[in-house]
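Values below: every heavy atom of this structure, side chains too, minus hydrogens, waters and symmetry copies. Chain A is the first sequence line, chain B the second, and so forth, proteins listed ahead of strands; every chain is numbered from 1. Note that the structure is a prediction, hence the values are computed from the model and not measured.
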Amino acid sequence: MSTTFDLRVYEALRRVPRGMVTTYGELARAVGCGSSRAVGQALRRNPFAPEVPCHRVIASNLAPGGFQGRRDGPEQAAKLRLLRGEGVRFRNGRLADPSRLFRFSRG
DNA sequence: GAGTCATTCGTTG
DNA sequence: CAACGAATGACTC
């Protein structure tokens, strides 16, 4: 079951273009919650799997973050694969091209 | 670069 | 009300 808050996260996440990634912090700001935790909770629910590219969300430190409710494990590896297919690559567990970070226009 | 503490909002029980 | 969560930032070593 999704909540009004979750819907906001999905709407904002859809703004992320393919081949780019965003962070929980930016996404949180996009929805206006100010807490990345709440965003993660919405992402893990992700009822709109392919529509909501939850795999395009990474941590602010350019770390892969989590996937399918896990911050580590095979799920995470799958996440990197998906991004790789979009042109986003990782280096030693970090985003190889920080310029790939998508930023929501707030101003 | 790595480890620790405090902060923050929303969902769930 | 109480507890948890796909996190972040600032500080110290």
Side-chain angles (χ1 to χ4, degrees):
Chain A
M1 182 60 181
S2 306
T3 71
T4 44
F5 170 77
D6 292 343
L7 301 177
R8 288 186 194 291
V9 177
Y10 308 142
E11 292 257 322
L13 182 52
R14 284 180 46 145
R15 298 183 67 168
V16 180
R18 188 142 107 28
M20 299 269 291
V21 294
T22 189
T23 70
Y24 297 93
E26 283 294 313
L27 193 57
R29 286 184 101 56
V31 302
C33 81
S35 184
S36 324
R37 295 262 194 157
V39 173
Q41 289 192 139
L43 295 180
R44 76 175 314 194
R45 301 164 96 89
N46 183 16
F48 309 100
E51 290 189 73
V52 179
C54 43
H55 63 265
R56 287 189 202 151
V57 185
I58 64 171
S60 184
N61 56 322
L62 305 186
F67 195 54
Q68 292 187 351
R70 297 205 116 77
R71 302 197 301 186
D72 292 303
E75 285 43 11
Q76 221 226 37
K79 175 175 180 170
L80 303 183
R81 285 176 175 277
L82 290 167
L83 292 171
R84 208 162 108 99
E86 299 190 355
V88 182
R89 294 182 315 214
F90 278 77
R91 245 7 205 138
N92 193 27
R94 306 270 187 281
L95 186 64
D97 292 324
S99 56
R100 294 278 186 189
L101 275 173
F102 174 81
R103 296 247 169 178
F104 294 92
S105 302
R106 288 186 275 100

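At the heavy-atom level, G65(A) lies nowhere under 4.0 Å from the strands shown. Across all strands shown, F5(A) has heavy atoms under 4.0 Å from sugar-phosphate atoms exclusively, and none from any base.
For the atom pair OG1 (T22(A)) and CZ (R103(A)), the distance works out to 8.0 Å, reported to the nearest 0.5 Å.
Listed pair T3(A) / dT11(B) meets the phosphate criterion, a side-chain N or O lying under 4.0 Å from OP1 or OP2. OP1 or OP2 of dG9(C) has at least one side-chain nitrogen or oxygen of S60(A) nearer than 4.0 Å.
Between L13(A) atom CG and dA7(C) atom C1' the separation is 16 Å, expressed in whole Å. Nucleotide dC9(B) holds its C1' atom 14 Å from the CG atom of L27(A), rounded to whole Å. For the pair Y24(A) OH and dG9(C) P, the computed distance is 14 Å after rounding to whole Å. Summarising the geometry, the separation between CD on E75(A) and P on dA6(C) is reported as 13 Å, rounded to the nearest angstrom. The interatomic distance linking L7(A) (CG) with dG10(B) (C1') rounds to 13 Å, in whole Å. The nearest whole Å value for the distance from the CZ atom in R29(A) to the C1' atom in dT8(B) is 12 Å. With rounding to whole Å, R37(A) atom CZ is found 13 Å from dC9(B) atom P. We find that CZ of R44(A) is positioned 4 Å from P of dA6(C), with the value rounded to whole Å.
The ring pair (Phe, Tyr, Trp, His ring centres under 6.0 Å) contacts involving residues 23-51 of chain A comprise Y10(A)-F48(A), where partners must be two or more places apart or lie in separate chains.
Map N61(A) and A38(A) each onto its nearest nucleotide of DNA chain C; the residue landing nearer the 5' end is A38(A).
Pairing each heavy atom of V31(A) with each of R8(A), the nearest pair is CG1-O, 3.4 Å.
For the pair L13(A) and N46(A), the minimum side-chain heavy-atom distance is 4.5 Å or more.
Closest approach to the S35(A) side chain among dT11(B), dT8(B), dA6(C) is made by dT8(B) (side chain taken as heavy atoms from C-beta onward). Checked against dC4(C), dC9(B), dA7(C), the side chain of Q41(A) finds its nearest nucleotide in dC4(C).
The base-pairing partner of dT12(C), taking Watson-Crick or G-U wobble contacts with both distances under 3.5 Å, is dA2(B).
Separation of the C1' atoms belonging to dG5(C) and dT8(B) is 12 Å when rounded to the nearest angstrom.
Checked for salt-bridge contact, E75(A) and R70(A) miss the test: no charged N lies under 4.0 Å from a carboxylate O.
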